[in-house]
**Q** 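The structure's right below; bear with me while I get my questions together.
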Amino acid sequence: MLNPIASKLAAPSPTSTTQTGDGAEQASTEAEQRTRVLVNMLFARFKAIYTHKFASAYATTEEVKLAKREWAIALKGFQEPLLAYAVERTKERYAWPPTISEFLAVIQTAYKAYGLPEPRQAYLEACSCRHNPREKHWTHPAVYFAGSETGWHALSTEEERTTWPLFEKHYTRLVDKVINGEKLIIPKPIMIEDKSAPDVESLLKAISDKVNLDESDIAPHLYYLYKTNGTKIRAIYREKAQKALKLLGYEGDLPV
């Protein structure tokens with residue numbers, strides 16, 4: 001329960017819900033339920049770690065209930081891998097169960113430990129480099145990919161109240177991947193010249209013009225062209241790219 005090898009409970013950021021009506025209410029209810037589950041798991045870990053000290057901190061059932069409610073509010077949007085990391089660091093640092101502010105401070109150290117900027121800093125970095133993302137030396141690849149999934153065009157043209165929740169959702173998911181050991185690699189913008197390969201820059205411009213989006217929004221979908229021609233992985237990525245670009249309005253066939 002709540003350890004680095006535990007199964008993930010993918011709790012979406014509560015600020016990322018974009019549905020309206022019953023859909024929004026259902027998504028909000030599901031997110032709250034997942035947060036409650038994580039808080040219950042967190043309290044179980046604290047109880048096992050701090051034993052009688054935990055019992056003295058929360059003497060009655062009512063105190064535990066009220067405490068869980070406050071912790072759920074504070075931890076809404078955080079997912080299991082980040083909390084698991086924070087629990088391991090907390091038991092090394094504190095002899096008594098941590099306060100909410102102390103635990104949140106430990107969570108911030110998780111970002112630093114993995115070379116990640118905290119979400120707000122990551123968002124501001126993505127916004128500052130939205131016009132030339134492929135030329136930027138990123139603090140961490142997670143920032144680039146979160147910006148790419150949010151959409152560089154959206155970051156350039158839409159209001160913060162729209163783009164920040166989307167970016168936060170994507171970035172939180174990527175942070176979990178990093179903590180779980182996945183390496184994120186930003187694709188190189190220029191391929192080794194191959195006369196038999198398609199002209200990537202021309203293809204990028206053609207698709208960009210066709211769907212009326214910035215080239216930076218299209219480039220991540222052409223990542224498959226960097227895979228070895230004829231391989232299964234290239235075919236899989238090409239199929240994903242074809243579907244994604246079709247949703248953006250591109251009806252042409254991508255080169256094999």
Side-chain angles (χ1 to χ4, degrees), residues 1-114 116 118-123 146 161 164-180:
M1 296 173 68
L2 238 171
N3 58 58
I5 61 173
S7 61
K8 294 184 63 178
L9 295 175
S13 170
T15 58
S16 65
T17 302
T18 56
Q19 302 102 316
T20 58
D22 294 340
E25 183 176 351
Q26 181 179 355
S28 176
T29 301
E30 291 176 355
E32 290 174 0
Q33 177 60 31
R34 288 168 182 154
T35 300
R36 284 195 294 269
V37 170
L38 285 176
V39 170
N40 286 335
M41 295 170 68
L42 183 66
F43 270 53
R45 286 295 307 275
F46 284 161
K47 185 176 181 179
I49 293 168
Y50 295 106
T51 60
H52 68 282
K53 295 179 180 179
F54 180 85
S56 64
Y58 304 106
T60 68
T61 301
E62 186 62 24
E63 287 181 352
V64 172
K65 182 179 179 180
L66 291 173
K68 285 184 176 181
R69 184 181 302 167
E70 291 301 318
W71 279 81
I73 293 172
L75 299 181
K76 190 179 295 184
F78 290 113
Q79 297 184 28
E80 186 176 352
L82 195 59
L83 298 183
Y85 176 92
V87 169
E88 294 303 312
R89 303 291 78 77
T90 296
K91 70 181 184 183
E92 296 170 356
R93 183 177 301 184
Y94 296 106
W96 285 82
T99 64
I100 291 176
S101 62
E102 288 171 337
F103 192 72
L104 290 175
V106 174
I107 289 178
Q108 295 305 312
T109 68
Y111 294 113
K112 295 179 181 178
Y114 287 90
L116 292 154
E118 58 88 18
R120 190 64 188 173
Q121 291 177 336
Y123 173 73
R161 64 180 180 179
W164 160 240
L166 289 174
F167 180 90
E168 184 185 30
K169 179 187 71 173
H170 294 309
Y171 188 67
T172 299
R173 178 179 55 79
L174 290 161
V175 166
D176 289 341
K177 287 187 175 184
V178 172
I179 292 177
N180 278 332

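As a basis for the values below, the full set of heavy atoms in this structure was taken, side chains included, without hydrogen atoms, waters or symmetry mates.
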**Q** Which value, rounded to the nearest 0.5 Å, describes the distance between I107 atom CD1 and R89 atom CZ?
**A**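 Going from the CD1 atom of I107 to the CZ atom of R89 covers 13.0 Å.
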**Q** Side chains of F46 and F103: closer than 4.5 Å at any heavy-atom pair?
**A**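 With C-beta onward as the side chain, the pair touches.
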**Q** Which residues pass the ring pair (Phe, Tyr, Trp, His ring centres under 6.0 Å) test with Y94, not counting sequence neighbours?
**A**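 In terms of ring pair (Phe, Tyr, Trp, His ring centres under 6.0 Å), with neighbours along the sequence ignored, Y94 is linked to no residue.
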**Q** May I ask you to say whether R173 pairs ionically with E168, meaning some side-chain N is under 4.0 Å from a carboxylate O?
**A**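 No salt bridge links R173 with E168.
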**Q** Mind checking salt bridge (Lys or Arg N to Asp or Glu O under 4.0 Å) for R93 and listing every partner two or more places apart, or none if nothing turns up?
**A**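 R93: no salt bridge (Lys or Arg N to Asp or Glu O under 4.0 Å) contacts found.
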**Q** Can you sort out the partners of S101 under side chain to side chain donor-acceptor pair (under 3.5 Å), two or more places apart, ordered by chain and number?
**A**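 Per chain and number, S101 pairs via side chain to side chain donor-acceptor pair (under 3.5 Å) with T99.
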**Q** Among all residues two or more places apart in sequence or in another chain, which pass the side chain to side chain contact (heavy atoms under 4.5 Å, CB included) test with I100?
**A**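 If we apply the side chain to side chain contact (heavy atoms under 4.5 Å, CB included) test to I100, skipping adjacent residues, the hits are E70, W71, A74, L104.
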**Q** Return the set of residues passing side chain to side chain contact (heavy atoms under 4.5 Å, CB included) with K65 (not counting sequence neighbours), or none when no residue passes.
**A**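 With sequence neighbours excluded, K65 shows a side chain to side chain contact (heavy atoms under 4.5 Å, CB included) to E62, R69, given in chain and number order.
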**Q** My understanding is that only residues two or more places apart in sequence, or in another chain, count here; which of them pass side chain to side chain contact (heavy atoms under 4.5 Å, CB included) with S56?
**A**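 Residues passing side chain to side chain contact (heavy atoms under 4.5 Å, CB included) with S56: W96.
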**Q** Once rounded to the nearest 0.5 Å, what's the spacing between atom CZ of F78 and atom CG of L42?
**A**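 Between atom CZ of F78 and atom CG of L42 there are 12.0 Å.
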**Q** Are V37 and N40 packed together at the side-chain level, in the sense that at least one heavy-atom pair is separated by less than 4.5 angstrom?
**A**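 No, every pair of side-chain atoms sits at 4.5 Å or beyond.
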**Q** Could you work out, with ring pair (Phe, Tyr, Trp, His ring centres under 6.0 Å) as the rule, every residue matching Y58, not counting sequence neighbours?
**A**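 Checked Y58 against ring pair (Phe, Tyr, Trp, His ring centres under 6.0 Å); matches are F43, F54.
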**Q** Suppose we screen for salt bridge (Lys or Arg N to Asp or Glu O under 4.0 Å). Which residues come up paired with K53, at least two apart in sequence or across chains?
**A**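 So K53 forms no salt bridge (Lys or Arg N to Asp or Glu O under 4.0 Å) with any residue.
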**Q** Please indicate whether K68 has more than 12 foreign heavy atoms, meaning atoms of other residues, nucleotides or ligands, lying under 6.0 Å from its NZ.
**A**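 Buried by this count: over 12 neighbours within 6.0 Å.
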**Q** Please name all residues satisfying ring pair (Phe, Tyr, Trp, His ring centres under 6.0 Å) with F167, sequence neighbours left out, ordered by chain then number.
**A**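 F167 satisfies ring pair (Phe, Tyr, Trp, His ring centres under 6.0 Å) with Y123, Y171 once adjacent residues are dropped.
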**Q** Evaluate V178 against V175 for side chain to side chain contact (heavy atoms under 4.5 Å, CB included), listing each step before the verdict.
**A** CA-CA 5 Å; V178 172; V175 166; 5.7 Å; no
**Q** How long is the gap from CD1 on I179 to CG on L116, to the nearest 0.5 Å?
**A**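 Here the rounded value is 7.0 Å.
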**Q** Which pair of heavy atoms, one from L82 and one from A110, lies closest together, and at what distance?
**A**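 Taking L82 first and A110 second, the nearest heavy atoms are CD1-CB, 3.6 Å.
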**Q** Once side chain to side chain contact (heavy atoms under 4.5 Å, CB included) is applied, do any residues pair with Q121, and if so which ones, sequence neighbours excluded?
**A**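 Applying side chain to side chain contact (heavy atoms under 4.5 Å, CB included) to Q121 gives P117, E118.
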**Q** To check you understand the geometry: which heavy-atom pair defines the closest contact between P98 and T90, and what is its length?
**A**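 Smallest interatomic distance, heavy atoms only, reads CG-CG2, 3.5 Å.
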